[in-house]
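Note that ligands are numbered from 1 as they come in the structure, with each ligand's atoms numbered from 1 the same way. It should be emphasised that the depicted structure is a prediction, and the values quoted were computed from it without experimental measurement.
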Amino acid sequence: MSHLELIDIDLAFGRHEVVRQLSLRLEKGRIGCLLGPSGCGKTTVLRCIAGFEPLAAGEIRLDGVTVSGARTHVPPERRRIGMVFQDYALFPHLTVADNVAFGLSSESAATRRERVGELLGLVGLAEHGGKYPHEMSGGQQQRVALARALAPRPSLLLLDEPFSNLDVELRERLSYEVRDIIKATHTTAVLVTHDQHEAFAVADDIGIMNQGRIQQWDTPYNLYHRPANRFVADFVGQGVFLPGLVLDEHQVEVELGTLSSAIPLECSVGCSECGKSCRVDVLLRPDDIVHDDNSPLKAQVAHKAFRGADILYTLRLASGAKVLSLVPSHHNHCIGERIGIRLDVDHVVAFRNEAVQPAREAVIQFVA
Ligand code: ADP
Ligand code: MG
């Protein structure tokens, strides 16, 4: 039995359908994430889980018990859910320790003190209990908010864009810290964010959301290497599509050569047309194209972005099509220079080329 289950939930504001037939399962102790563009319905899903929005249809179960459904609506305060928001939402007139103690009013003073000490230690703020929120940095305030949400030992922790108010460097560091803290307390959590780096840093399982639906619920590895559709392929990571021609059920040809696979071509809609001569768009990530001075295959440097350890080159092919290549930065080539490249693709992802053969969306996956 999963710890959290959303089964085909629907929600609309008036006529505006915001969440459509959304399902997910999260096992106990795991951190799930809804990742998607602004306005796709992430916060609304969290509010449904917390009990602030009644569902139009579907069901939400926590630990096997229905908390939202056709005939059930357990109020938010009885769901044992902790929440962390983007703006921290600390009580400004309470000290840090009193903020953390806020959800512990039914405990004895001694238990409260002990638990507050434990949590402040866990979030690295043991010495700051007597301060007020305005005396702390943004990152510290967010750790206080996390300690406050975890103090009553919630059954589930919800985090809504918790790092968006922080600068980039701190965001990354804090996201790893927050993951460690959540894991140390064995709490099951759902994070929502529009930032894939945050999602990858914190979550075990990620659902890519678009227009109220989950497009793919998977591990970060599979979202990047085995995107279920074009939206996921575009949203997660970088890459370009090159036109390809399916040669047979094991091979697809692109401008840079023939990509081979060991298992037969597999099409997500199982259509028989996706065979020989099918026109596809092949996804090539920056790590699929390797710079190799000795390769006879050349491409011209059109643009370069220095990233410290690596340079992300945009390379122009003979046809004019462009591809990306991530290269160790000591290979410092000039714009306009022609450099050797080779393909290093171990898993081919291709989508039907709709312009050539308008039809249902199909995904073709090969494994080397
Ligand atoms: P996200 O968190 O992914 O940015 P939201 O869940 O906040 O998206 O919003 C999804 C959509 O629902 C948006 O179009 C938003 O305008 C709309 N929406 C959110 N809350 C309300 C509300 N209380 N009343 C009407 N529309 C709402
Ligand atoms: Mg939101």
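Nearest-heavy-atom check against atom 12 (O) of ligand 1 across Leu34, Val192, Val18 picks out Val18. The residue from Ala12, Gly39, Gly14 that puts a heavy atom closest to atom 13 (C) of ligand 1 is Gly39.
There is no protein heavy atom closer than 4.0 angstrom to atom 15 (C) of ligand 1. Proximity of atom 1 (P) of ligand 1 to the protein is indicated by at least one non-hydrogen atom lying closer than 4.0 angstrom.
Shortest non-hydrogen contact noted between Pro286 and Gln238 is CD-O, 3.3 Å. Here the shortest heavy-atom pairing between Ile335 and His303 reads CD1-CA, 4.3 Å.
Checking side-chain atoms of Glu17 against main-chain N and O of Ala12 turns up no donor-acceptor pair under 3.5 Å. Counting only distance, with no hydrogens or angles, the side chain of Ser23 and the backbone of Asp8 share a donor-acceptor pair below 3.5 Å. Between the side chain of Arg115 and the main chain of Ala151, a donor-acceptor pair closer than 3.5 Å is present.
Heavy-atom distances between Gly36 and ligand 1 stay at or above 4.0 Å for every pair.
Of the protein's non-hydrogen atoms, Thr43 CB, 3.7 Å is the one closest to atom 7 (O) of ligand 1. Nearest non-hydrogen protein atom to atom 26 (N) of ligand 1 is Phe13 CD1, 3.4 Å. The protein heavy atom nearest to atom 8 (O) of ligand 1 is Gly41 N, 3.2 Å. Nearest non-hydrogen protein atom to atom 5 (P) of ligand 1 is Thr44 OG1, 3.6 Å.
Counting heavy atoms closer than 4.0 Å to ligand 1, residue Met209 contributes nothing at all.
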Check the pair Asp310 / Ser329 against side chain to side chain donor-acceptor pair (under 3.5 Å), numbers first and verdict last. CA-CA 4 Å; Asp310 303 293; Ser329 65; over 6 Å; no
Step by step, work out the side chain to side chain contact (heavy atoms under 4.5 Å, CB included) result for Ile214 and Leu34. CA-CA 8 Å; Ile214 290 185; Leu34 293 173; 3.8 Å; yes
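Not a single N, O or S atom of Thr44, from either the backbone or the side chain, sits less than 2.8 Å from the Mg ion (ligand 2).
Listed by number with element, the atoms of ligand 1 under 4.0 angstrom from any heavy atom of His16 are 14 (O).
Residues Leu223 and Leu35 are members of one and the same hydrophobic cluster, defined by side-chain heavy-atom contacts under 4.5 angstrom among Ile, Leu, Val, Met, Phe, Trp and Tyr.
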